[in-house]
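Written below as structure tokens is the structure these notes are about.
Each chain gets a letter, A, B and so on, in the order the sequences are listed, and its residues count up from 1. Bear in mind the structure is a predicted one, so any value in this text is a computation, not a measurement.
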Number of protein chains: 2
Amino acid sequence: MLGAEDPAIPHRRRKHALPGRPVAPQMDNDCRRCPVRGVSLFGDLPDEVVFSLNNPAEHLDLPAGHVLYREGAAANAAFTLKDGVIKLTRTAVNGRDQILRLLTRGDVMGAEGLMGLAYNHTATTLTPVQICRLPLPVLKQLQAEHPTLNHALLARWAVALQQVENLALELGTKKASERLATFLLYWRAKNGHYPSMPLPLSRTETGELLGLTVETVSRFFADWKRRGYLSEKAGIIHLHNLEALETLSGSESLSRI
Amino acid sequence: MLGAEDPAIPHRRRKHALPGRPVAPQMDNDCRRCPVRGVSLFGDLPDEVVFSLNNPAEHLDLPAGHVLYREGAAANAAFTLKDGVIKLTRTAVNGRDQILRLLTRGDVMGAEGLMGLAYNHTATTLTPVQICRLPLPVLKQLQAEHPTLNHALLARWAVALQQVENLALELGTKKASERLATFLLYWRAKNGHYPSMPLPLSRTETGELLGLTVETVSRFFADWKRRGYLSEKAGIIHLHNLEALETLSGSESLSRI
DNA sequence: CGTGACCTTGAAATACATCAAACCTTGTGG
DNA sequence: CCACAAGGTTTGATGTATTTCAAGGTCACG
């Protein structure tokens, strides 16, 4: 609880998004030994079914800054994220981007292809990732043969809906500092409640998530660093004053304290 | 296409939300003759199944301003909206409300009770409504017996997700006038693309949907009325200048034109 | 015909965006 | 290995969109 060890691997920060050819080393392409099978879509499927799959999924290793698929493109596969962080974004008519969800280990993306024809988002890796690519025809067949899968899909959709609802609630009811503080605390919780966590979002991206400009995000970070609420080093955020951040996430504003 | 007849019933505007006792006349409680069966959850179920249901659903007639269920309350039933408009809201920690979805004919609500224990939203009628109340145990059993139902549920979840994503996109990337104009055009489309449509939202509620204050909403309405873009009478909105609104929904601002 | 809910309008305050420039940091090529 | 280039971050000055506060106006209903 109090001051545990530092978390995971400090995901290396990307510079400019490389064109990123899928460096797929095919190390272990066996679904039965998939490290995320427990949390993945197939968690509910019995062993014999997973055996029978004959490894329909393709393992991929991608660098940070790689676009997996684009909003509006014809959907041909769904993906499971085994490790790393991915952002799902949409672009408004005025050209501004909105991050709608941040995906981490175990999350599924692209499954909307089961319902419609096109992807609803653009999926971009924020760190190097390991993912599992599942062609939609395979998934459709599995869905038909094993109704359990539908339940798993339903559960995921429900979670996704709640996440986006939380986002809309934040965007519609809170001000800049509140949104940013709330996000930092959320991200901390999502990363194991450690006092430190990797933050693979640039200031611009943080703004795209929270409906703010780069400058506004930067100003609050700077302000909170000066106050000693947090510090940052090599892409790792350290939260020193959770209480202050919790208060900020509730109501306070920069100039009022 | 051009200047068609006026649309539906001018839903009477509520004054203060009555405590609203469920005036349920039980006129026709037979699911087989349900006017929205085609668009409802059971659209896919074969006739014999619907027959066998033995009318598990309860028909309700509610006045405007009635709270169907509250965020956080134990979920015991799902509902199908046969007629009228309902808002789904959540309240932020600071007490401000956010409308997350507006439901119309055929929409389903409260199905999150299938996955979790509590309702995620507060559901409030904005007009008099006719709804169908479906106890969750019944729905769960149907779900187990007829996997088709899962597909229907999945489809609905997918639509809900897209709607909320659209909202988040609006809230995160656009400014007041753009959001309001976009919403008016959206609402027009949802009401049959007629030049006129009932708007069962108060200024306050419109603000709660779009992340704005009453005053801001009122000012834009006033401004656009003065410009002749629209007019309003007895809760009915008439859009006179779609082009202007479309431009506004894209980029323009009040002071800049 | 008064009362309560809702809507409008104005003036002032403020939060955030925009514009502009300097500063870091990190990977790269000489 | 150094220095530069490029992307990202910080900071300041200024503008403006939107909120906040306050008051008056309208409409429907009892």
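For B:Leu201 and C:dC7, the CG to C1' distance is 15 Å, given to the nearest whole Å. Separating the CD atom of A:Glu208 from the P atom of C:dA17 is a distance of 13 Å, rounded to the nearest angstrom. As a whole-Å value, the separation of A:Leu126 CG from D:dG8 P is 12 Å. For A:Glu178 and D:dT19, the CD to P distance is 13 Å, given to the nearest whole Å. Going from atom CG of B:Leu210 over to atom P of D:dT19 covers 11 Å, rounded to whole Å. In this structure, A:Leu180 atom CG and D:dT9 atom P are separated by 13 Å, rounded to whole Å. Residue A:Lys233 contributes atom NZ, which lies 18 Å from atom P of D:dT9 at whole-angstrom precision. Per the geometry, CZ belonging to B:Arg179 stands 7 Å off P belonging to D:dT18, to the nearest Å.
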Please lay out, stage by stage, how B:Lys87 and B:Arg101 fare under the test side-chain contact (heavy atoms from CB on, under 4.5 Å). CA-CA 6 Å; B:Lys87 64 171 176 179; B:Arg101 288 174 69 206; over 6 Å; no

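Using a 4.0 Å cut-off, no side-chain N or O of A:Arg219 falls inside it from OP1 or OP2 of D:dT11. The phosphate of C:dT9 (OP1 or OP2) has a side-chain N or O of B:Arg226 nearer than 4.0 angstrom. Taking 4.0 angstrom as the limit, B:Thr213 places none of its side-chain polar atoms (N or O) nearer than this to OP1 or OP2 of D:dT18.
Screening B:Thr204, B:Thr91, B:Thr89 against B:Asp97 for a side chain to side chain donor-acceptor pair (under 3.5 Å) leaves a single residue, B:Thr91. When the options B:Val67, B:Ile86, B:Leu103, B:Ile131 are evaluated for a side chain to side chain contact (heavy atoms under 4.5 Å, CB included) with B:Thr125, the one that passes is B:Ile86.
The two residues B:Phe220 and B:Ala176 come nearest to each other via the heavy atoms CE1-CB, 3.7 Å.
Across D:dT19, C:dT18, C:dT8, the shortest atom-to-atom separation from the side chain of B:Arg203 is found for C:dT8. Between C:dC7, C:dC16, D:dT10, one nucleotide has an atom nearer to the side chain of A:Glu232 than all others, and that is D:dT10. Of the candidates D:dT19, C:dC7, C:dT9, the closest approach to any side-chain atom of B:Leu212 belongs to D:dT19. Comparing C:dA15, D:dT18, D:dT11 by their nearest atom to the side chain of A:Lys175 picks out C:dA15. You'll find that the side chain of A:Lys225 is closest to D:dT10, out of C:dC16, C:dT9, D:dT10. Closest to the side chain of A:Thr216, from the set D:dT9, C:dC19, C:dC16, is C:dC16.
Note on B:Gly211: only backbone sugar-phosphate atoms sit closer than 4.0 angstrom, heavy atoms only; bases stay farther off.
For the pair A:Arg203 and A:Phe221, the cation sits on the ring face: its NZ or CZ lies under 6.0 Å from the ring centre, inside 45° of the axis.
Each of A:Glu215 and A:Ala176 lies near DNA chain C, and the nucleotide nearest A:Ala176 is the one positioned closer to the 5' end.
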